[in-house]
Amino acid sequence: MAQDKKFVEAITSMNEDFARWYTDIVKKADLVEYSGVKGCMIIRPYGYALWELIQKELDRRFKETGHENVYMPMFIPESLLQKEKDHVEGFAPEVAWVTHGGSEELTERLCVRPTSETLFCDHYKDIIQSYRDLPKLYNQWCSVVRWEKTTRPFLRSVEFLWQEGHTAHATAEEAQEETIKMLNVYASFCEEVLAIPVIKGQKTEREKFAGANETYTIESLMHDGKALQSGTSHNFGDGFARAFEIQYLDKDNQLKYVHQTSWGMSTRIIGAIIMVHGDDSGLVLPPRIAPTQLVIVPVQQQVEGVLEKAYELKERLSKICRVKIDDSDKMPGWKFSEHEMRGIPLRLEVGPKDIQKNQVVLVKRLNREKLFVSMDELETKIPEVLEDLQNALYNKALEMRKSKTFTAVNMDEMERILNETPGFIKAMYCGNEECEITIKDRMGATARCIPFEQEQISDKCVCCQKEAKHMVYWGRAY
RNA sequence: CGAGGUGUAGCGCAGCUGGUAGCGCGCUUGGUUUGGGACCAAGAUGCCGGGGGUUCAAGUCCUCUCACCUCGACCA
């Protein structure tokens, strides 16, 4: 089992301690450094490069679906935050307040935005008058602050980077269409770019966003069997519009409330990339999101001609992929491990022997498989291998999820599965919140979503055994 | 906010019944090396988390405090 051999002792093994494994990777792969403020992280160049690629891919998809980027203030006056009742109640426990400007106490406290619904609403109220002003399709890239007590890099930090889309529509139908459209954007982004398979579905009443009529979600499953909400899309109906009096004059000369949506994806998704694809040697990045897709490691670089050839290859290959060269004076083995830890999908080794044979060695991060490739065929071979790796990662993640997805018809069965083989549990639900609470209290699992793709596991609710309304994915979650 | 744990060099740690600071890795310089974490030599690096006490003497004992980590309750 040479493939499973561990070359680096620095990373705690996944099976030994998953939480430690995660923090080890985050630090050893140079994604994050802890900062002086509890719960706030320094995102280092490699981690930020990941985020930039995520931004680039998502932003392109937002633009393609007609959205425009804006920037809202970071501060929200207390009175503004108060306007929508459910919304404030949802966020009140975790907002940070600014009370002073310099040495002077403010007449009204300012909240550091935990999310920007109220700001967008306040703005929409001013700029929307006519049906001709609709729809408004805005998005904002920013950071938000939520005063969390238990924090972990990417998964839950006090300040995090995200994107929040906020749209206003003339009709309820349009708003619903937008909500689903953006959920699909997230889902295809996750599956196509991040190679993370997701379950699309709707949140239960209990789990939905504060102030939303409906919340839709994509849920993914981590290696330890815990679920991660990877993106959400909300239909607000006209609830916020009524609270903020966002009205427009329709064609029929009637004043009507707009219908709104919001949707977000955050740096948390980086946690998902780590926990879905990573292994005991470190990060594993899908090629489409890898800041460096190919690293060139010269071997015996002191031998005349080796470094020159390596630089020449870098120059050539930079036209077809994101490539870096490691010409430091570390040992080759050290470099191999280092770049594996950072999850670079493909390594190219070139040494005197290769140059003689006019070939290079390509090594896949995923399984350390070696390919000997002629120097003349790199331009066709490398994109092919990267594409294969992208697909292989998706399939592997899908297999992993399948192997951790179970069905249960009663509480004992559900609890046994959760304890013995953590993962998603498909089980029927009556729709009564009491049952959700019972399940949460008894086994710490929550309703992840009511999937669009329904299955009939049984007729009865897994908890109360009364008539079931729908099938729900349950699980312990991050 | 409850329960537990850890703070000593950049990182990981040792430092006993108190006696004035050590190991490994990393770092710097020079040399030999290079196909899975090389070797030799010479270096540099400390408010022992912070305050207060006990003592002739405190990483070490007492006390308060702060920070961080892990696990639970609440959340993207």
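Labels below follow one simple rule: chain letters A, B, ... track the order of the sequence lines, proteins then strands, and each chain is numbered from 1.
Across all strands shown, nothing is found opposite B:rA21 as a Watson-Crick or G-U wobble partner with both distances under 3.5 Å. With a cut-off of 3.5 Å on both pairing distances, B:rA76 has no Watson-Crick or G-U wobble partner at all. Base-pair partner of B:rA3: B:rU70 (Watson-Crick or G-U wobble, both distances under 3.5 Å). Nucleotide B:rA41 forms a pair with B:rU29, judged by Watson-Crick or G-U wobble geometry with both contacts under 3.5 Å. Across every strand in view, B:rU34 sits unpaired, with no contact that passes the Watson-Crick or G-U test at under 3.5 angstrom. Nucleotide B:rU55: unpaired (no Watson-Crick or G-U wobble partner with both distances less than 3.5 Å).
Between A:Asp412 and A:Arg442 there is a salt bridge, with a side-chain nitrogen of the basic residue lying less than 4.0 Å from a carboxylate oxygen of the acidic one. Residues A:Arg365 and A:Asp279 are paired through a salt bridge, judged by an N-O separation under 4.0 Å between the basic side chain and the carboxylate. Between A:Glu64 and A:Arg61, no side-chain nitrogen of the basic residue sits less than 4.0 Å from a carboxylate oxygen of the acidic one, so the salt-bridge criterion is not met.
Residue A:Leu155 contributes atom CG, which lies 13 Å from atom C1' of B:rC75 at whole-angstrom precision. Distance A:Asp329 CG to B:rU33 C1': 11 Å, rounded to the nearest Å. The distance between atom CD of A:Glu207 and atom P of B:rC75, rounded to the nearest whole Å, is 8 Å. The CD1 atom of A:Ile42 sits 14 Å away from the C1' atom of B:rC68 (whole-angstrom rounding). Note: CE (A:Met443) to P (B:rG72) measures 16 Å, nearest angstrom. Rounded to a whole Å, the NZ atom of A:Lys27 is 13 Å from the P atom of B:rG10. B:rU33 atom P lies 17 Å from atom NZ of A:Lys335, rounded to whole Å.
Comparing the C1' positions of B:rG50 and B:rA41 gives a spacing of 41 Å, expressed to the nearest Å. Across B:rG10 and B:rC27, the matching C1' atoms stand 8 Å from one another, rounded to whole Å. Taking the P atom of each, B:rU60 and B:rG26 are spaced 31 Å apart, rounded to whole Å. Atom C1' of B:rG4 sits at a distance of 29 Å from the matching atom of B:rU17, rounded to the whole Å. B:rC71 sits 36 Å from B:rC39 when the P atoms are compared, rounded to a whole Å. When the C1' atom is used for both B:rA21 and B:rC13, the distance is 14 Å, rounded to whole Å. Rounded to the nearest Å, the gap between the C1' atom of B:rA73 and that of B:rG2 is 8 Å. Taking atom C1' in both B:rC23 and B:rU45, the straight-line distance is 15 Å, to the nearest Å.
Residue A:Arg20 is the one, among A:Phe154 and A:Arg20, whose nearest nucleotide of RNA chain B lies closer to the 5' end (criterion: closest heavy atom). Residue A:Thr23 is the one, among A:Thr23 and A:Tyr478, whose nearest nucleotide of RNA chain B lies closer to the 5' end (criterion: closest heavy atom).
Nearest to the side chain of A:Arg152, among B:rU70, B:rG35, B:rA76, sits B:rU70. Checking B:rA38, B:rC71, B:rC74 against every side-chain atom of A:Ala19, the shortest atom distance belongs to B:rC71. Distances were taken from every side-chain heavy atom of A:Ser337 (C-beta onward) to each of B:rA76, B:rG36, B:rG35; the shortest belongs to B:rG36. The side chain of A:Glu94 sits closest to B:rC75 out of B:rU34, B:rC75, B:rA76.
For A:Lys440 and B:rC74, the shortest distance from a side-chain N or O to OP1 or OP2 is below 4.0 Å.
The ring of A:Trp162 does not lie on top of the base of B:rA76; it is either too far (5.5 Å or more) or too tilted (30° or more).
Of all non-hydrogen atoms in A:Met375 and A:Arg316, the two that sit nearest each other are O-NH2, 2.7 Å. Heavy-atom minimum distance, A:Ser143 versus A:Leu161: CB-CD2, 3.6 Å. Considering every non-hydrogen atom in both A:Glu219 and A:Arg448, the closest pair reads OE1-NE, 3.1 Å. The two residues A:Phe244 and A:Cys121 come nearest to each other via the heavy atoms CG-CB, 3.5 Å.
Residues of residues 354-363 of chain A that place a heavy atom closer than 4.0 Å to RNA chain B, in numerical order, are A:Asp354, A:Val361.
Within the nucleic acid shown, A:Gly264 has no heavy atom closer than 4.0 Å to any nucleic acid atom. Among the heavy atoms of the strands, none lies under 4.0 Å from A:Arg476. Looking at heavy-atom distances under 4.0 Å, A:Ser262 makes no contact with the nucleic acid at all. At the heavy-atom level, A:Phe160 lies under 4.0 Å from base atoms of the strands shown. Note on A:Pro332: a base of the nucleic acid sits closer than 4.0 angstrom, heavy atoms only.
A side-chain donor-acceptor contact under 3.5 Å links A:Arg146 to the backbone of A:Pro114.
The cationic group of A:Arg347 lies under 6.0 Å from the six-membered ring centre of A:Phe336 and within 45° of the ring axis, placing it in a cation-pi geometry. With A:Phe452 as the aromatic partner, A:Lys200 does not meet the cation-pi criteria of under 6.0 angstrom to the ring centre and within 45 degrees of the ring axis.
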Can you pull every protein N or O that's under 3.5 Å from an N or O on nucleotides 25-32 of chain B?
residue, atom, partner, partner atom, Å
B:rC27, OP1, A:Lys330, NZ, 2.9

For this session: Output, in order, the C-alpha distance, side-chain angles, deciding distance and verdict of salt bridge (charged side-chain N to carboxylate O under 4.0 Å, His left out) for A:Lys335 and A:Glu338.
Result: CA-CA 5 Å; A:Lys335 295 180 187 178; A:Glu338 190 65 18; over 6 Å; no
Exercise. Run the side chain to side chain donor-acceptor pair (under 3.5 Å) check on A:His166 and A:Ser262 step by step: do they pass?
Worked result: CA-CA 4 Å; A:His166 293 269; A:Ser262 92; 4.6 Å; no
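The base of B:rC75 does not come close enough to the side chain of A:Arg146 for any donor and acceptor atom to sit less than 3.5 Å apart. Not a single donor-acceptor pair, N or O on each side, falls under 3.5 Å between the base of B:rG35 and the side chain of A:Gln301.
In this structure, A:Arg20 has no salt bridge (Lys or Arg N to Asp or Glu O under 4.0 Å) partners at least two apart in sequence or on a different chain. Applying the salt bridge (Lys or Arg N to Asp or Glu O under 4.0 Å) test to A:Glu433 and every residue at least two apart in sequence or in another chain returns A:Arg206.
Evaluation of the salt bridge (Lys or Arg N to Asp or Glu O under 4.0 Å) test over residues 350-364 of chain A, restricted to residues two or more places apart or in two chains, returns A:Lys364-A:Glu369.
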For this session: Let me have a per-nucleotide readout for nucleotides 1-7 of chain B, 5' to 3', with B, S or -, counting only protein heavy atoms under 4.0 Å.
Result: B------
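Annotated as anti: B:rG49, whose O4'-C1'-N torsion sits more than 90° from 0.
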